[in-house]
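Okay, so here's the structure we're looking at.
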Amino acid sequence: MEASGSMTANRWTEADVPDQGGRVALVTGANTGIGLETARVLAGRGTTVVIACRDTAKAAVAVERIRAGAASGAGVEVLRLDLASLESVRRAASEFLDRHERLDLLVNNAGVMAPPPSRTEEGFELQFGVNHLGHFALTGLLLGALLKTAGSRVVTVASIAHQQGRMDLGDLRAERSYNAYTAYGRSKLANLMFTYELQRRLVAAGAGTIALAAHPGISRTELSRNLSPVLRALNEVVGALVLQDARTGALPSLRAATDPAARGGDYYGPSGVGGFRGHPRRVRSSARSHDGAVQRRLWTESERLSGVVYEL
């Protein structure tokens with residue numbers, strides 16, 4: 001189970017984030033929720049943070065909040081990115097590389113959960129396309145900048161829902177059938193498989209970049225906007241008692257991104273029962289997520305579907 005087997009028991013908080021002066025980070029979906037809180041803390045420690053998101057109006061509001069607490073020397077920039085369009089992903093990566101020569105930290109945070117049947121611009125099932133394939137393409141397109149930046153990291157945000165995920169490589173477009181929650185679990189399983197296979201390839205290449213994953217437990221964010229009316233109502237009634245706020249939900253991502261003791265392939269999540277809430281620690285993902293053969297097949301399919309081939 002994900003929440004078992006903790007290797008750390010201390011109460012890690014955002015106060016433990018070390019100085020990040022001189023670093024450049026790109027955080028997807030940083031206009032709200034966990035991404036916004038991740039960007040806020042990084043900027044507060046001196047990072048130049050690029051918030052990559054689709055809604056530039058929301059991004060402008062987020063920038064003001066992040067700048068209010070930013071450390072001297074930190075910068076906050078907006079990059080328009082629509083992960084449901086591989087063309088937009090390519091444009092965003094190109095624009096980032098025009099602006100910056102280095103990339104210390106890529107946080108693949110943005111996501112969509114349990115929408116009605118929907119497709120990306122290229123016709124992929126929306127959750128697989130946004131949560132996995134868009135981030136797979138973005139990471140590959142920015143890989144050169146990551147590899148030439150000493151100590152760089154790729155952190156991909158997964159979910160405890162990956163435990164219910166099954167990787168149906170024969171129907172990644174969900175053309176035979178569609179269940180919103182099944183598709184979400186599959187996309188989050190893909191996030192972890194991508195992380196582990198990326199780390200394996202980075203090690204084989206002798207690269208200094210590392211890949212890690214994190215999950216926020218059960219947090220109150222806009223990710224729940226597609227839940228059924230009944231579940232939304234339940235969320236409002238019991239959420240304050242059961243769920244974490246976004247600030248706490250961002251801690252696993254921040255620990256994976258900044259803890260000097262973190263290692264490639266680590267997976268961070270809340271320490272509480274079921275992995276729902278609590279301070280971040282290293283946790284275990286499902287046995288299914290560690291299936292190397294499926295990881296490699298998913299990687300090959302992801303390169304084919306996205307048109308982005310990694311130089312690893």
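All heavy atoms count here, side chains included; hydrogens, waters and symmetry mates do not. Owing to the predicted nature of the structure, the values given are computational and were not obtained by experimental measurement.
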Inset, instruction - Can you measure from OH (Y178) to CD (Q127) and round to the nearest 0.5 angstrom? - result: 4.0 Å
Inset, instruction - Drop me the distance from E14's CD to L251's CG, to the nearest 0.5 angstrom. - result: 6.5 Å
Inset, instruction - Give a yes or no answer on whether the side chain of S152 reaches the backbone of K148 with a donor-acceptor pair at less than 3.5 Å. - result: no
Legend entry - Check against side chain to side chain contact (heavy atoms under 4.5 Å, CB included), V89 and L83: CA-CA 6 Å; V89 172; L83 288 161; 4.1 Å; yes
Legend entry - Pairwise distance CG(L106) to OG1(T149) - rounded to 0.5 angstrom: 11.5 Å
Legend entry - Check: R153 side chain, A256 main-chain N or O, donor-acceptor pair, under 3.5 Å: yes
Legend entry - Chi angles and distances behind the side chain to side chain contact (heavy atoms under 4.5 Å, CB included) call for L42, L254: CA-CA 8 Å; L42 291 173; L254 285 163; 4.1 Å; yes
Legend entry - Lys/Arg-Asp/Glu bridge criterion (N-O < 4.0 Å) met for R297, E301: no
Legend entry - Exam field: side chain N131 to backbone V112, donor-acceptor pair closer than 3.5 Å: yes
Inset, instruction - Mind checking the CG-CG spacing from L138 to L133? Nearest 0.5 Å is all I need. - result: 11.5 Å
Legend entry - Residues S88 and D82: side-chain donor-acceptor under 3.5 angstrom: no
Legend entry - Q295-W299 side chain donor-acceptor pair, cut-off 3.5 Å: no
Inset, instruction - Taking the six-membered ring for Trp and the single ring otherwise, decide whether the centroids of F136 and Y310 are under 6.0 Å apart. - result: yes
Inset, instruction - Please answer whether the main-chain N or O of N191 pairs with a side-chain N or O of T195 as donor and acceptor at a distance below 3.5 Å. - result: yes
Legend entry - Carboxylate-amine/guanidinium proximity below 4.0 Å for E95 and R99: yes
Legend entry - Modelled atom types, side-chain donor and acceptor of S85 and E121, under 3.5 Å: yes
Legend entry - Sole residue of H135, H132, E197 in side chain to side chain donor-acceptor pair (under 3.5 Å) with S302: H132
Legend entry - H215 and its side-chain contact (heavy atoms from CB on, under 4.5 Å) partner, picked from S285, S253, P270, P280: P270
Inset, instruction - Can you measure from OG1 (T182) to CG (D168) and round to the nearest 0.5 angstrom? - result: 11.0 Å
Legend entry - Min side-chain heavy-atom separation S159-Y184 under 4.5 Å: yes
Legend entry - Under-4.0 Å salt bridge between E311 and R201: no
Legend entry - Electrostatic pair E37:R40 at N-O distance under 4.0 angstrom: yes
Inset, instruction - May I ask you to check whether E77 and H100 show a side-chain donor-acceptor distance below 3.5 Å? - result: yes
Legend entry - Short side-chain to backbone donor-acceptor contact, D171 and R176, under 3.5 Å: yes
Legend entry - Polar side-chain atom of D266 near backbone of R263 as donor-acceptor pair, under 3.5 Å: yes
Inset, instruction - Answer whether the closest heavy-atom distance between the side chains of F194 and L189 falls below 4.5 Å. - result: no
Legend entry - Donor-acceptor pair, side chain of R54 and main chain of L81, under 3.5 angstrom: no
Inset, instruction - Could you tell me whether the side chain of T28 and the main chain of N109 form a donor-acceptor pair under 3.5 Å? - result: yes
Legend entry - Stepwise side chain to side chain contact (heavy atoms under 4.5 Å, CB included) test for Q199 and I210: CA-CA 6 Å; Q199 175 62 20; I210 59 173; 3.8 Å; yes
Legend entry - D245 versus T248, side-chain donor and acceptor atoms under 3.5 Å: yes
Legend entry - Backbone N/O of R65 and side chain of R67: donor-acceptor pair under 3.5 Å: no
Legend entry - Atom pair CZ/OG1 of R247 and T38 - distance to nearest 0.5 Å: 12.0 Å
Legend entry - From CA spacing to verdict: side chain to side chain contact (heavy atoms under 4.5 Å, CB included), T32, K58: CA-CA 8 Å; T32 188; K58 285 186 177 181; 5.7 Å; no
Legend entry - Heavy-atom donor-acceptor pair, E101 side chain to A145 backbone, under 3.5 Å: no
